[in-house]
Amino acid sequence: MAVINQAAAKLRAQLFESDELVVCPGVQDGLSARVCLQQGFKNLYMTGAGTAISLLGMPDLGLTTADDMVRQASMLSSLDRSVPLIADIDTGFGGPVMVSRTVERYILGGVAGLHLEDQVTTKRCGHLGGKEMVDVATFVSRIRAAREARERLGSDLVIIARTDALQSMGFDEALTRLKAAVEAGADVAFLEGVKDREEMAKFTKAMAPTPCLINLVPGGLTPLVNAKEAKELGYRIAIWPCFAMTHAYLAYQKAAKELIETGAVTAGFTEKQRGEGENGEQVPGGIRELFELCGLSECVEFDNKMGGQTFSKGV
């Protein structure tokens, strides 16, 4: 029986029935995803680095397990089934059998697209140094295993082949790897660590008509072009994996500094925010507003419609 995933079908249509750039804000947890959905983004991206940092409090050094990533991807996909989520799947967490099993779990979790890379299993963030690659045959076997899982489940899942070979092996070898991956069943090509605009344009032209993805990481190897520039350079997907995480980190730092130094958190708060909401009043940035962002009213409404009594006395 085919696994029906409207979000995957939507992502596929965005790529192959339109010429618009697919803009994906990186989300590392439920709150960042809820904010992006509230702001009207049409797509989301689950960052592997962000998952390691938010879930484990650890750097992106291949420390997350398949279970960690599947659980996070499934949760993020569930927040709005109509919005396609592209998720990092790292190396697939093993040989072809494990890759196929992990991809199947991503599909069943509602993921619309995923990127699968050619680093060794003990991988690291693509914007760090010292990366090691598997050989082309191993990389291709991973892509074939992902394609087999997609076909077996009758899914529209978009498979994105990522190579990290550019820094250590050069442009030509990286291109050879991505073309072999597309031949094996990948839909999109992802060259990690492109170093300048000239190389970006060269890459998308060389891979045409295969859609290409650009990864925009603050402090990373790739210049931070904007969405308009990315499209003009020939890209079809642009991901900003660290944008929510970076801004959250800076805000946490500021608030933590104030709390430890003064014993209070008031910077940037209005008088109303520093006070308390009365009779269910929603204070800007307060706990009730956060709950509303995450579906409080929808949960109450659903309970009532189903004849439940959980919230009959209010909430």
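Starting from 1, each residue takes its place in the sequence as its number. All values below come from the heavy atoms of this structure, side chains included, with hydrogens, waters and symmetry mates left out.
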Applying side chain to side chain contact (heavy atoms under 4.5 Å, CB included), run through I86 and V158 and close with a yes or a no.
CA-CA 8 Å; I86 296 174; V158 173; over 6 Å; no
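- Grouping Ile, Leu, Val, Met, Phe, Trp and Tyr residues whose side-chain heavy atoms lie under 4.5 Å apart, directly or via other members, places F302 in a hydrophobic cluster with M306.
- Formation of a donor-acceptor pair under 3.5 Å by the K131 side chain with backbone atoms of G126 is found in this model.
- Heavy atoms only, all atoms of each residue included: M207 and C212 are closest at CB-SG, 3.6 Å.
- Of the candidates D135, D164, D172, D118, R177 forms a side chain to side chain donor-acceptor pair (under 3.5 Å) with just one, namely D118.
- Formation of a donor-acceptor pair under 3.5 Å by the S78 side chain with backbone atoms of M75 is found in this model.
- Side-chain atoms of Q119 come within 3.5 Å of backbone atoms of R124 as a donor-acceptor pair (strictly under, hydrogens ignored).
- Connectivity analysis of hydrophobic side chains (ILVMFWY, heavy atoms under 4.5 Å, direct or indirect) links M245 to I53.
- Applying the salt bridge (Lys or Arg N to Asp or Glu O under 4.0 Å) test to every pair with at least one member in residues 50-77, sequence neighbours left out, gives these pairs: D67-R105, D68-R71.
- More than 12 heavy atoms of other residues, nucleotides or ligands lie within 6.0 Å of CD in E151, so this atom counts as buried by the packing criterion.
- Remark: side-chain polar atoms of S32 are paired, donor with acceptor, to backbone N or O of D29 under 3.5 angstrom.
- Other residues sharing a hydrophobic cluster with V136 under the 4.5 Å side-chain heavy-atom criterion for ILVMFWY residues are V140.
- One hydrophobic cluster, built from ILVMFWY side chains closer than 4.5 Å, holds both M69 and L85.
- Side-chain atoms of N5 come within 3.5 Å of backbone atoms of V111 as a donor-acceptor pair (strictly under, hydrogens ignored).
- The backbone N or O of G286 sits nowhere less than 3.5 Å from a side-chain atom of E289 that would complete a donor-acceptor pair.
- Taking CD from Q72 and CE from M46, the interatomic distance works out to 6.5 Å, rounded to the nearest 0.5 Å.
- Residue pairs meeting the ring-ring contact (aromatic ring centres under 6.0 Å, His included) criterion with at least one partner in residues 56-108, sequence neighbours excluded, are absent.
- In this structure, OG1 in T210 is found 11.5 Å from CZ in R236, a value given to the nearest 0.5 Å.
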May I have the step-by-step check of side-chain hydrogen bond (donor to acceptor under 3.5 Å, both in side chains) for Q6 and S82, ending in yes or no?
CA-CA 7 Å; Q6 294 179 350; S82 70; over 6 Å; no
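- For the atom pair D88 CG and H115 NE2, the distance stands at 4.0 Å (nearest 0.5 Å).
- Applying the salt bridge (Lys or Arg N to Asp or Glu O under 4.0 Å) test to every pair with at least one member in residues 302-315, sequence neighbours left out, gives these pairs: E301-K305.
- Residue M169 shares its hydrophobic cluster (ILVMFWY side chains chained together at separations under 4.5 Å) with M133.
- Pairs of residues two or more places apart, or lying in two chains, never qualify as ring-ring contact (aromatic ring centres under 6.0 Å, His included) while including a residue from residues 203-223.
- There is no path of hydrophobic side-chain contacts, each under 4.5 Å, that joins I237 to V182.
- Counting non-hydrogen atoms of other residues, nucleotides and ligands closer than 6.0 Å to CZ of F16 gives a total above 12.
- What you find for G94 and R142 is that their closest heavy atoms are O-NE, 4.5 Å.
- A ring-ring contact (aromatic ring centres under 6.0 Å, His included) check over residues 130-186, counting only residues at least two apart or in different chains, returns nothing.
- The two residues G109 and S74 make their nearest non-hydrogen contact at CA-OG, 3.5 Å.
- L233 and L213 end up in different hydrophobic clusters when Ile, Leu, Val, Met, Phe, Trp and Tyr side chains are linked at under 4.5 Å.
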Donor-acceptor pairs under 3.5 Å, side chain of residues 183-196 to any protein atom, not counting sequence neighbours: which ones?
unit_1: D187; atom_1: OD1; unit_2: R12; atom_2: NH1; d: 3.4
unit_1: D187; atom_1: OD2; unit_2: R12; atom_2: NH2; d: 3.2
unit_1: D187; atom_1: OD2; unit_2: R150; atom_2: NH1; d: 2.6
unit_1: D187; atom_1: OD2; unit_2: I159; atom_2: N; d: 2.9
unit_1: E192; atom_1: OE1; unit_2: H127; atom_2: NE2; d: 3.0
unit_1: E192; atom_1: OE1; unit_2: N215; atom_2: ND2; d: 3.3
unit_1: E192; atom_1: OE2; unit_2: N215; atom_2: ND2; d: 3.0
unit_1: K195; atom_1: NZ; unit_2: E199; atom_2: OE2; d: 2.8
unit_1: D196; atom_1: OD1; unit_2: E198; atom_2: N; d: 3.3
unit_1: D196; atom_1: OD1; unit_2: E199; atom_2: N; d: 2.7

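- Here the OG1-CG distance, from T310 to N304, works out to 9.0 Å after rounding to the nearest 0.5 Å.
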Run L293 and L31 through side chain to side chain contact (heavy atoms under 4.5 Å, CB included) and show every step you take.
CA-CA 8 Å; L293 172 70; L31 178 60; 3.6 Å; yes
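- Note that the CH2 atom of W240 and the SG atom of C36 stand 11.5 Å from one another [nearest 0.5 Å].
- In the displayed structure, K42 atom NZ is contacted under 6.0 Å by at most 12 heavy atoms of other residues, nucleotides or ligands.
- Pairs of residues two or more places apart, or lying in two chains, that qualify as salt bridge (Lys or Arg N to Asp or Glu O under 4.0 Å) and include a residue from residues 213-228 are K228-E232.
- For residues 91-104, the set of pairs meeting the salt bridge (Lys or Arg N to Asp or Glu O under 4.0 Å) definition, not counting sequence neighbours, comprises E104-R152.
- Counting non-hydrogen atoms of neighbouring residues, nucleotides and ligands closer than 6.0 angstrom, the CG atom of L250 exceeds 12 such neighbours.
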L290 vs R34, test: side chain to side chain contact (heavy atoms under 4.5 Å, CB included). Steps then yes/no.
CA-CA 10 Å; L290 289 172; R34 287 287 193 179; over 6 Å; no
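- Under the 4.5 Å side-chain heavy-atom criterion for grouping Ile, Leu, Val, Met, Phe, Trp and Tyr, L221 is not connected to Y45 through any hydrophobic cluster.
- Across all non-hydrogen atoms, the minimal contact from L116 to G92 is CD1-N, 3.5 Å.
- Rounding to the nearest 0.5 angstrom, the gap separating the CG atom in L63 from the NZ atom in K123 is 10.5 Å.
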Under the criterion side chain to side chain contact (heavy atoms under 4.5 Å, CB included), I'd like the reasoning laid out for I214 against V225: C-alpha separation, chi angles, the key distance, then a yes or no.
CA-CA 10 Å; I214 186 168; V225 301; 4.1 Å; yes
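- In terms of modelled atom types and a separation under 3.5 Å, the side chain of S141 and the main chain of T138 share a donor-acceptor contact.
- When the side chains of ILVMFWY residues are joined at heavy-atom separations under 4.5 Å, either directly or via intervening members, L37 and V27 end up in a single hydrophobic cluster.
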